[in-house]
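Side-chain atoms are counted along with the backbone in the values below, which use heavy atoms only and exclude waters and symmetry mates.
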Amino acid sequence: QVVKNAHSGAVLRCEPDGSHLEVYAHGLRNPQEIAFDTWGNLFTVDNDGDFKGERERLVYIAERSDSGWRCNWQYRQGQYNPWMDEKLCFPAFSGQAAFITPPLALYSDGPSGLVFNPGTALGKSLREMFFVTQFPGRKLSGFRLEPQGASFRLASEQLVYSGPMMTGLSWGPDGCLYVADWNSSAWDPHDRGKIWQLDVKPGERDPGRAETAQLLSRGAAVCSLKELEQSLAHADQRVRLAAQLELVKRRQSVLLLKVATQGQDLLARVHALWGLGQLDAPRPRVWCRSCPCCPTPVSYTHLTLPTKRIV
């Protein structure tokens, strides 16, 4: 299957077996990594084109969104450039072109690695936080977002670590953050790279890390249906997602529908709905009644079920 999206970077979506490949969003320039938050919202920090007055951008990647970039704009050489002259690269303002989804903020310097705390990694004080490496500035920053209308806003930012020329990021099952270090100020390939393990002080570590590591090491494939149902409400996103995928693999649509409509934990219900979407199970309307676990009252709100996973 050939999917065409000329002149801009894009996020593609498909089924786990590679079928139904499609463009999820486009108009990006050079994002190195993408990251989901707790509720499945997708974000990136996109690199700029090095134009005068331009900055890297924090982007909310909504389905079918166009972030505005076109590759040929890189080579305008002083001619009229819509990216800069029409201010497509800037956060939303009155009179901005309506066809784009503008960035949330101008943010970062040479962003590379991007991850979201899955829930029990590092310490409680760093929950709900994104982590991004700023390669040229030798910084690892953490930031949080909060809802703003149908989108989000940058709520806070802090310096987490500095020194190495950090690139990629990855979570270990032990709850530590692992960082790839380019270890050179030159761009040419070399063999001097390193891997750093970053962690908080022992007394600041999230108390759920040991259990999460045990569950991830054990694997969802050996769990009973009762254990998988309980794991849909786990504090760590990796455990919840593993349980969801295993229930889908076992085609447990009845169990997933029960959790989605009767469960007492909001995150468990969300993952159950995602699982039903993966199964493409028969879907009469699924309604979310008000329940004590909801952060705000929800009364007979219709929930849309996704049918594919982002990859």
Side-chain angles (χ1 to χ4, degrees), residues 15-16 35-42 115-129 170-177 205-311:
E15 301 289 357
F36 292 97
D37 70 2
T38 300
W39 306 101
N41 299 298
L42 186 60
V115 293
F116 179 74
N117 190 328
T120 63
L122 299 178
K124 279 189 173 182
S125 64
L126 299 175
R127 283 187 177 182
E128 297 295 320
M129 182 172 284
S170 184
W171 296 110
D174 57 0
C176 296
L177 181 58
R205 291 173 184 168
D206 194 297
R209 283 172 53 167
E211 182 193 42
T212 296
Q214 181 182 25
L215 290 171
L216 293 176
S217 176
R218 182 187 181 201
V222 300
C223 293
S224 67
L225 291 180
K226 182 177 180 180
E227 289 173 320
L228 291 173
E229 181 179 352
Q230 292 172 340
S231 291
L232 290 174
H234 196 271
D236 196 283
Q237 186 182 55
R238 296 168 293 179
V239 175
R240 296 194 303 271
L241 185 57
Q244 171 195 323
L245 296 177
E246 182 63 26
L247 288 169
V248 169
K249 183 178 180 180
R250 299 186 194 182
R251 305 199 66 79
Q252 292 294 319
S253 57
V254 174
L255 188 154
L256 289 168
L257 186 60
K258 183 194 77 171
V259 175
T261 56
Q262 303 173 29
Q264 293 302 301
D265 183 272
L266 186 57
L267 280 172
R269 297 169 75 175
V270 168
H271 278 273
L273 285 168
W274 290 340
L276 288 170
Q278 285 185 282
L279 285 170
D280 202 19
R283 286 175 277 164
R285 289 187 174 183
V286 178
W287 302 93
C288 178
R289 298 175 182 268
S290 295
C291 66
C293 64
C294 294
T296 56
V298 180
S299 180
Y300 295 97
T301 303
H302 183 227
L303 299 176
T304 302
L305 302 181
T307 58
K308 299 179 178 68
R309 296 291 303 175
I310 301 289
V311 295

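- A pairwise comparison of heavy atoms in Ala260 and Ala272 identifies N-CB, 3.8 Å as the closest pair.
- Annotation: side chain of Val239 is not in contact with side chain of Glu211 (no heavy-atom distance under 4.5 Å).
- Atoms OG and CG, on Ser231 and Leu241 in that order, are 11.5 Å from each other to the nearest 0.5 Å.
- The two residues Ala242 and Ala220 make their nearest non-hydrogen contact at O-CB, 3.7 Å.
- Residues Thr38 and Arg240 have side chains in contact (heavy-atom distance under 4.5 Å, counting atoms from C-beta outward).
- Using modelled atom types, one side-chain atom of Arg250 and one backbone atom of Ala221 make a donor-acceptor pair closer than 3.5 Å.
- Distance check, rounded to the nearest 0.5 Å: CZ of Arg205 to NZ of Lys124 gives 15.5 Å.
- The 12-atom threshold is exceeded at CD of Glu227, counting heavy atoms of other residues, nucleotides or ligands nearer than 6.0 Å.
- The distance from atom CZ of Phe116 to atom CD of Gln237, rounded to the nearest 0.5 Å, is 6.5 Å.
- Arg238 and Pro118 make their closest contact through NE-CG, 3.5 Å (heavy atoms, listed as atom of the first residue, atom of the second, distance).
- Annotation for Leu245 and Gln278: closest pair CD2-NE2, 3.5 Å, computed over non-hydrogen atoms.
- Nearest approach of Gln244 to Leu232, heavy atoms of both residues: N-CD2, 3.7 Å.
- The side-chain heavy atoms of His234 and Thr212, taken from C-beta on, include a pair separated by under 4.5 Å.
- With rounding to the nearest 0.5 angstrom, the CG atom of Leu228 is 11.5 Å from the NZ atom of Lys249.
- Taken from NE2 in His271 to CG in Leu267, the straight-line distance is 6.0 Å, to the nearest 0.5 Å.
- The closest side-chain heavy-atom distance from Asn117 to Trp171 is below 4.5 Å.
- Annotation for Ala213 and Pro173: closest pair CB-O, 3.2 Å, computed over non-hydrogen atoms.
- Taking the side chain as every heavy atom from C-beta outward, Cys223 and Arg218 approach each other to under 4.5 Å.
- Residues Trp39 and Leu266 form a side-chain contact, since some pair of their non-hydrogen atoms from C-beta on lies under 4.5 Å apart.
- A side-chain contact (heavy atoms from CB on, under 4.5 Å) with Leu276 holds for exactly one of Leu257, Leu247, Val259; it is Leu257.
- Arg209 contributes no side-chain N or O that, together with a main-chain N or O of Thr120, makes up a donor-acceptor pair within less than 3.5 Å.
- Remark: side-chain polar atoms of Gln252 are not paired, donor with acceptor, to backbone N or O of Glu246 under 3.5 angstrom.
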